[in-house]
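What follows is one structure encoded as structure tokens, with my remarks underneath.
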Amino acid sequence: MGSPHYGARVSHSASFLLGALLPALLLFFLASDRVSEQLSSIASLANGSPHQQTTHANLSTNGSAAEKEEESFPGLVELLSKVAMDDRTVIITLVNEAWSAEGSLLDLFRGSFHDGEGIAHLLNHTLIVAVDPGAMARCVAVHPHCYFLEVTAAKVSSANRFMSKSFMELVWAKLSLQQCILQLGYNYLYTDVDIVWFRDPFRHISLYADMAISTDFFSGDPDDAVKNAPNTGFYYVKSTNRTVEMLRRWRAARSLPRPGGGGPTNDQGIFNEIKAGLVAGELQIRLVFLDTVFFDGFCRFHGEIDKVCTMHANCCIGLETKVHDLRNVVADWKNYSNLTPPEKTGAQLKWRYPAECHESIKTLLG
């Protein structure tokens with residue numbers, strides 16, 4: 001039989017450790033929506049009966065909505081279970097026939113994962129959404145996880161330019177699918193297919209963010225919902241009841257009347273209009289803007305190869321133009337990757353200037 005003094009020491013040690021652990025657990029669990037559940041879980045942990053936690057959307061309260069959305073996206077549930085990471089996160093991109101053609105954006109996108117630093121495995125967790133039969137056929141030929149999302153807009157298969165009618169239909173169809181994914185309890189990171197990946201972006205996404213989004217022009221403050229200009233070509237959303245409601249309001253804002261009938265009609269412009277209300281209103285969305293040093297693009301071109309995670313062909317008009325300048329980016333990355341560590345430190349290499357993309361904007365503006 002053990003000494004009573006030894007047993008007392010164990011009891012005091014256990015109490016001390018538990019007292020130190022509970023505040024940390026409380027802070028972690030309060031980051032989720034389901035506060036009452038998390039507090040009861042802490043109590044059960046104190047009584048020696050811990051159980052697995054989740055911060056995903058409460059499907060018991062969203063059950064009917066999720067079932068309705070699931071009916072609109074047949075086969076999605078089964079596919080998500082195959083693609084998702086252990087924490088129920090999926091990477092999503094969207095392609096049409098033009099973007100998925102051989103040698104076009106999809107090949108550059110997928111190739112960058114293989115050329116990047118230890119991120120090839122992320123392709124196993126990437127769902128490519130095809131919006132026409134040609135894109136679906138091409139996707140199936142090159143990628144294991146493809147989903148067909150039928151979009152009925154005319155010319156949806158062509159190289160749709162930003163703000164064209166067909167482009168609008170694509171971006172709003174994308175949001176309806178994403179809302180369904182959140183309702184099913186999955187987080188997602190959406191990436192446009194004209195973005196090439198070189199390092200793991202999840203390292204720069206805050207654990208406590210409901211939504212982390214790229215920006216064309218970063219103010220320097222990741223929490224500044226006023227000055228930062230969001231770019232909806234790259235964003236992460238955590239599955240919670242609040243983010244499901246955020247997506248619903250985002251989609252609904254498309255049809256809201258505007259003074260004089262003006263204002264934006266694309267998803268990015270409308271999100272920019274409602275972002276402050278999402279943060280300061282009753283939803284209290286934790287919105288984080290991503291630093292362009294790590295999530296670079298042609299709009300504000302940093303050129304720092306040693307830091308960048310992704311490069312976006314934004315501020316660029318025309319499919320061929322995007323492909324041309326992104327190929328230069330990929331070639332520059334390969335040259336950088338072939339250097340030894342001392343050479344990388346001393347070389348101070350930078351990306352080639354995206355001349356054709358910037359010229360396309362000048363031409364557009366006259």
Side-chain angles (χ1 to χ4, degrees), residues 28-29 31-34 37-38 52-95 113 119 121-131 139 143-149 171-193 195 197 200-203 205-214 232-251 267 271 278 283 285-288:
F28 176 78
F29 292 146
S32 79
D33 285 358
R34 300 165 70 179
E37 286 188 21
Q38 309 298 3
Q52 188 174 359
Q53 299 302 312
T54 177
T55 59
H56 302 298
N58 188 341
L59 298 185
S60 63
T61 58
N62 282 328
S64 59
E67 290 172 6
K68 183 178 180 181
E69 291 286 353
E70 186 179 336
E71 292 175 2
S72 302
F73 303 101
L76 182 61
V77 174
E78 181 181 358
L79 194 53
L80 289 173
S81 67
K82 295 177 181 178
V83 180
M85 304 174 195
D86 291 341
D87 67 349
R88 297 176 67 86
T89 298
V90 294
I91 300 167
I92 310 168
T93 193
L94 181 144
V95 295
F113 284 77
I119 59 172
H121 68 283
L122 292 178
L123 280 175
N124 298 327
H125 304 292
T126 300
L127 179 63
I128 297 178
V129 179
V131 297
C139 180
H143 191 72
H145 307 302
C146 305
Y147 184 77
F148 181 60
L149 175 65
V171 297
W172 288 109
K174 167 189 79 177
L175 284 182
S176 63
L177 176 70
Q178 290 171 3
Q179 182 177 334
C180 179
I181 289 171
L182 293 178
Q183 288 175 327
L184 292 170
Y186 291 91
N187 319 306
Y188 68 83
L189 193 164
Y190 174 77
T191 172
D192 277 351
V193 75
I195 297 177
W197 290 41
D200 187 347
F202 290 102
R203 297 175 182 176
I205 294 176
S206 171
L207 173 67
Y208 296 102
D210 291 317
M211 181 179 190
I213 188 167
S214 64
T232 54
F234 188 95
Y235 54 96
Y236 166 85
V237 183
K238 183 190 299 180
S239 174
T240 68
N241 293 334
R242 290 180 298 113
T243 57
V244 170
E245 177 61 15
M246 177 186 74
L247 262 289
R248 188 197 68 78
R249 294 186 186 188
W250 187 0
R251 294 173 59 199
D267 65 325
F271 184 80
L278 295 173
L283 288 183
I285 295 297
R286 296 183 289 268
L287 180 61
V288 174

Once you round to the nearest 0.5 Å, how far does OH of Y235 lie from CD1 of I92? 8.0 Å
Check whether any side-chain heavy atom of L76 sits under 4.5 Å from a side-chain heavy atom of I181, and report yes or no. yes
How far apart are the closest heavy atoms of Q179 and R251, and which atoms are they? OE1-NH1, 2.8 Å
Between F73 and Y147, what is the ring plane arrangement, given parallel below 30°, perpendicular above 60°, and tilted in between? tilted
Nearest heavy-atom approach of F148 to V131 is CE1-C, 3.9 Å
For the residue pair L122 and I91, what are the closest heavy atoms and their distance? O-CD1, 3.9 Å
Can you tell me how far CG of L189 sits from CG of L127, rounded to the nearest 0.5 angstrom? 12.5 Å
Side chain to side chain, L182 and M246, heavy atoms closer than 4.5 Å: no
Taking salt bridge (charged side-chain N to carboxylate O under 4.0 Å, His left out) as the definition, give me every residue that meets it alongside R249, ordered by chain and number, with sequence neighbours left out. E245, E282
Of all heavy-atom pairs linking A212 and I205, the shortest is CB-CG2, 3.9 Å
T93 backbone acceptor or donor facing T191 side chain under 3.5 Å: no
N187 and its side-chain hydrogen bond (donor to acceptor under 3.5 Å, both in side chains) partner, picked from T89, D87, T243, T240: T89
As an exercise, state the distance from CE of M85 to OH of Y186, rounded to the nearest 0.5 Å. 13.0 Å
Tell me, please, which residues at least two apart from H143 pass side chain to side chain contact (heavy atoms under 4.5 Å, CB included). R110, L123, T126, I128, C139, H145, C146
Closest heavy-atom pair, G185 versus S239, reported as atoms and distance to 0.1 Å, is CA-OG, 3.4 Å
Between the OG1 atom in T232 and the CH2 atom in W250, the distance rounded to the nearest 0.5 Å is 5.5 Å
Report yes if some heavy atom in the side chain of D210 is under 4.5 Å from a heavy atom in the side chain of R242; otherwise report no. yes
Give me the atom names and distance for the closest heavy-atom approach of A173 to L149. O-CD2, 3.9 Å
Y190 side chain to D192 side chain, donor-acceptor N/O pair below 3.5 angstrom: yes
Working to the nearest 0.5 angstrom, can you tell me the gap between L175 CG and D267 CG? 5.5 Å
Check: L207 main-chain N/O paired with K238 side-chain donor or acceptor under 3.5 Å: yes
With a 4.5 Å heavy-atom cut-off, do F234 and P201 have their side chains touching? yes
About how many Å separate CG of L287 and OG of S206, when rounded to the nearest 0.5 Å? 11.0 Å
Look at the side chain of H125 and the backbone N and O of V90, then say whether any donor-acceptor pair between them is shorter than 3.5 Å. no
